[in-house]
Amino acid sequence: MTGGTERSHRINRHLAEAAQARGVALALGSARTVLEDPARARTYGVRDVAPDVLLFANLGAVQLRLGVTPDDCRRLVDLLQADALFLHLNPLQEVVQPEGDTTFGGLVERIAAVARALAPTPVLVKEVGAGISAATAALLRDTGIAGIEVAGAGGTSWALIESHRGGNAGKARLGRVFADWGIPTAESIQQVRESWTDGVVIASGGIRDGIESAKALALGATAVASAFPFLAGAERSAEAVAERIGLFVDELRTACFLTRSRTVAELRHARLRRVEPTFRVQP
Ligand SMILES: Cc1cc2nc3c(=O)[nH]c(=O)nc-3n(C[C@H](O)[C@H](O)[C@H](O)COP(=O)(O)O)c2cc1C
């Protein structure tokens, strides 16, 4: 979720130490600044504390229209010692940013070029909170990418975050009006899975506990990702992050137990039916 400054370096190391301790993957924050100034790679550097973690580098896909080349992507992955690269699609965020770039045309071919250049290193495409549709998944499926993270609506809203930056009343209003724009996560998982039956589908966007993780897996996700619940702990310590990951895992294990799923693969075959909620006790 971050990088580029000393404060974000501390956050990255807390996240990485916790990921190593708990055996989960870690996705670093967008690293355009590293391409502008390679010395900043240090603030994303976590390999020494997370030698076994599946580590993703991250870059805005729109940068591929603004001078970033497949070679730059390779350089970034090498500099950060990452195992894979996420390219994020964030048209809503960019349109709300006063300095945003909205040149999203022609990206499919450029994403395909990055996937070809980095092979066998996997390239995945993600949204940042507005979800991915079946139609977009169908376009991306043939680019050679390894998978899609849906990052659907219902969790962190970059439109809303950008609206709090101030300085441009028109853009701030746009951000508020579009705060909940997008395909809800549960819907996006199903749309992407329907149009790409054998691709990696990572569920994210508002996943806040192990029960929601279990539901996302039962809807067809290969894996689950979450950002905001770990932000406060990441400012404090690796232990705080590890503790929160532990809660997710315990809750997910309990959901597996209660649905007679011995493995996550079995959970994917659990039957999910929509019924009107009666009550929910707040934990
Ligand atoms: C503090 C923070 C920073 C984030 N930074 C990035 C980023 O650099 N690149 C990216 O693709 N997504 C980023 N995200 C978005 C999430 O990775 C993700 O797409 C998603 O919507 C899950 O968010 P949630 O669990 O917070 O709802 C960030 C989210 C948060 C909360």
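We number each residue from 1, following the sequence as shown. All ligand and atom numbering here is 1-based and tracks the order in the structure.
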Report the part of [X] (side chain from C-beta onward, or backbone N, CA, C, O) that has a heavy atom under 4.0 Å from ligand 1; answer both or neither where that applies.
| X | value |
| --- | --- |
| Met1 | both |
| Phe86 | neither |
| Thr156 | both |

Enumerated ligand 1 atoms positioned under 4.0 Å from heavy atoms of [X]:
| X | answer |
| --- | --- |
| Ser30 | 7 (C), 8 (O) |
| Phe228 | 24 (P), 25 (O), 26 (O), 31 (C) |
| Glu127 | 19 (O) |

- prompt: To which residues is Trp181 joined in a hydrophobic cluster, defined by side-chain heavy-atom contacts under 4.5 Å among Ile, Leu, Val, Met, Phe, Trp and Tyr, whether direct or through other members?
  reply: Leu92, Val95, Val96, Leu174, Val177, Phe178
Pair Asp71 + Arg75, salt bridge at N-O below 4.0 Å: no
query: Thinking salt bridges, do Arg22 and Glu243 make one under a 4.0 Å N-O criterion?
result: no
field: Within residues 225-236 or reaching into it, pairs that qualify as side chain to side chain donor-acceptor pair (under 3.5 Å) - sequence neighbours excluded
entry: Arg7-Glu235
message: Looking at non-hydrogen atoms alone, which of Arg32, Arg208, Glu212, Lys126 comes nearest to atom 13 (C) of ligand 1?
response: Lys126
- prompt: Is the count of non-hydrogen atoms from other residues, nucleotides or ligands lying under 6.0 Å from Arg253 atom CZ greater than 12?
  reply: no
